[in-house]
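What follows is one structure encoded as structure tokens, with my remarks underneath.
Just follow the structure's listing: the first ligand is 1, and inside any ligand the first atom is 1.
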Amino acid sequence: MTEVKLARRVTDIRISPSTAAAQKARDLKAEGRDIVDLTVGEPDFDTPDAIKQVAIDAIHAGDTKYTPVNGTIALRKAIQHDYATRLGIETSLDRICVGGGGKQVLFLALTATVEAGDEVIIPAPYWVSYPDMVVANGGTPVIVQCDEAARFKLTPDALEAAITPATRWVVLNSPSNPTGVAYTGDELRALGAVLMRHPQVLVLCDEIYDRIWYADFEVQSIVSAVPELADRALVVNGVSKSYAMTGWRIGYAAGPKVLIDAINKLQSQSSSCPSSISQAAAAAALTGDQSSVEATVDVYRDRCEKTWEKLNAIEGLSCLKPDGAFYLYPNCAGMIGKTTPDGKKIETDLDFVIYLLESVGVASIHGGAYGLEPHFRISTATSMDVLEDGCARIEKACRALT
Ligand code: PLP
């Protein structure tokens with residue numbers, strides 16, 4: 001039999017640990033185990049009916065053909081209007097691209113710009129996909145550990161220290177997956193001051209969670225805080241998280257024309273364009289009544305607050321309060337070194353997460369997957385009943401450690 005030899009760009013990367021953990025939880029449930037699944041990184045709500053109806057109408061109207069590579073004019077106008085009104089970012093339609101999810105847009109941005117030896121600064125804890133996307137594109141991820149004391153945020157000094165002549169990008173994810181923390185305008189301006197000294201560095205702003213916002217300061221993008229960076233920042237967003245549209249696969253970005261053109265060129269030779277029907281739905285999501293988003297954000301906020309309180313009440317765990325998104329990233333240092341009832345020592349956050357799964361059936365993701373230990377991530381994109389059950393089980397498991 002012929003052995004299929006895979007390229008290094010594939011053998012050098014991993015399957016996303018969050019996808020793997022979610023699959024493990026599903027497999028255990030299918031075996032009949034009583035599992036509280038806190039791994040899921042997508043809204044538990046359904047796409048609003050009004051958005052679904054627009055997609056159905058688009059199908060009936062024959063809106064079922066290839067669209068322009070860079071997305072329909074209607075969707076790009078909706079994105080342009082959203083960036084201008086919500087973030088104060090003025091851009092033109094030819095500086096906006098649309099892809100099959102924010103993930104694809106981020107990937108293509110790296111494909112378009114990263115060569116072997118190029119470095120991409122990724123503050124940790126990070127969304128699991130960033131380092132592998134960089135490696136898949138031949139680059140070198142430069143991981144910068146961000147202190148919990150600084151709310152896991154990249155500081156100007158740490159950014160300055162990480163920049164080398166080989167730096168191509170710095171990634172800023174605000175609000176962050178997995179911590180939920182977001183940068184304030186002042187923090188972005190301080191990072192911007194460093195970046196102004198290093199004109200070769202591009203800024204990858206992943207703002208996919210910026211509508212799921214709880215903080216009492218205003219949502220800001222580095223481009224609104226530091227307009228001088230507009231010609232080297234790619235502001236990425238999408239409808240997956242805010243509008244419960246993960247399966248529709250629409251993400252987008254605004255940035256310098258040369259970069260947007262390059263992303264479009266790659267898209268023209270890979271997928272041609274994202275789904276016409278999903279684009280019609282995404283345009284409707286951005287331009288339509290926003291009350292369903294506001295209602296879901298209220299639910300996320302409430303769950304987040306209550307779960308945060310419950311986790312902080314567990315001896316040995318501590319958790320920062322998120323500014324947005326639907327994750328909590330508790331510190332489990334107090335559990336490291338303890339022993340389980342069947343005599344196993346908890347040496348890492350992975351041991352702790354495995355112990356939670358095996359002893360009380362709580363599925364979560366270990367901090368090591370996000371580049372900063374000892375923590376674990378739980379998603380609050382599930383019902384309050386499930387979250388209460390999960391917290392009670394975590395408490396029971398923690399109390400059983402000696
Ligand atoms: N960025 C972050 C931080 C995410 O957590 C995700 C999804 O989990 C994405 C980007 C990609 O979302 P999508 O490809 O569905 O737009």
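Protein heavy atom closest to atom 12 (O) of ligand 1, with residue, atom name and distance, is I208 CD1, 3.9 Å. The shortest contact between atom 4 (C) of ligand 1 and any protein heavy atom is with W127 CE2, 3.4 Å. Closest to atom 16 (O) of ligand 1 among all protein heavy atoms lies G102 N, 2.6 Å. Summary of contacts: the protein heavy atom closest to atom 1 (N) of ligand 1 is D206 OD2, 2.6 Å.
With a 4.0 Å cut-off on non-hydrogen atoms, F326 does not touch ligand 1 at all. If you look at N173 next to ligand 1, the close heavy atoms, those under 4.0 Å, all belong to the side chain.
Atom numbering of ligand 1 starts at 1 in the shown order; those under 4.0 Å from a heavy atom of N177 are 3 (C), 5 (O). For ligand 1, the atoms lying closer than 4.0 Å to a non-hydrogen atom of R249 are 13 (P), 14 (O), 15 (O). Listed by number with element, the atoms of ligand 1 under 4.0 angstrom from any heavy atom of Y130 are 3 (C). Listed by atom number, the atoms of ligand 1 under 4.0 Å from S240 heavy atoms are 13 (P), 15 (O), 16 (O). Remark: ligand 1 atoms within the under-4.0 Å shell around heavy atoms of G101 are 14 (O), 16 (O).
A donor-acceptor pair shorter than 3.5 Å can be found between the side chains of S291 and D289.
The two residues A162 and T167 make their nearest non-hydrogen contact at O-OG1, 4.0 Å. The shortest non-hydrogen separation linking P274 to V69 is CD-O, 4.4 Å. Taking each heavy atom of V360 and R393 in turn, the nearest pair found is O-NH1, 2.8 Å. Between P178 and R377 the shortest heavy-atom distance is CB-CD, 3.6 Å.
Where the criterion is an N or O separation shorter than 3.5 Å, residue side chain and backbone included, G41 fails it with respect to ligand 1.
Which of K241, E207, E42 comes nearest to atom 8 (O) of ligand 1 through a heavy atom is settled by distance: it is K241.
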Q: Any chance you could lay out the side chain to side chain donor-acceptor pair (under 3.5 Å) test for T184 and D186, step after step, and finish with the verdict?
A: CA-CA 5 Å; T184 65; D186 283 347; 5.5 Å; no

Q: Please test D57 against Q53 for side chain to side chain donor-acceptor pair (under 3.5 Å), starting from the C-alpha separation and ending with a verdict.
A: CA-CA 6 Å; D57 293 346; Q53 191 57 52; 3.0 Å; yes

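Rounding to the nearest 0.5 Å places OG of S278 at 10.0 Å from CG of L75. For the atom pair OG1 (T64) and CD1 (I277), the distance works out to 6.5 Å, reported to the nearest 0.5 Å.
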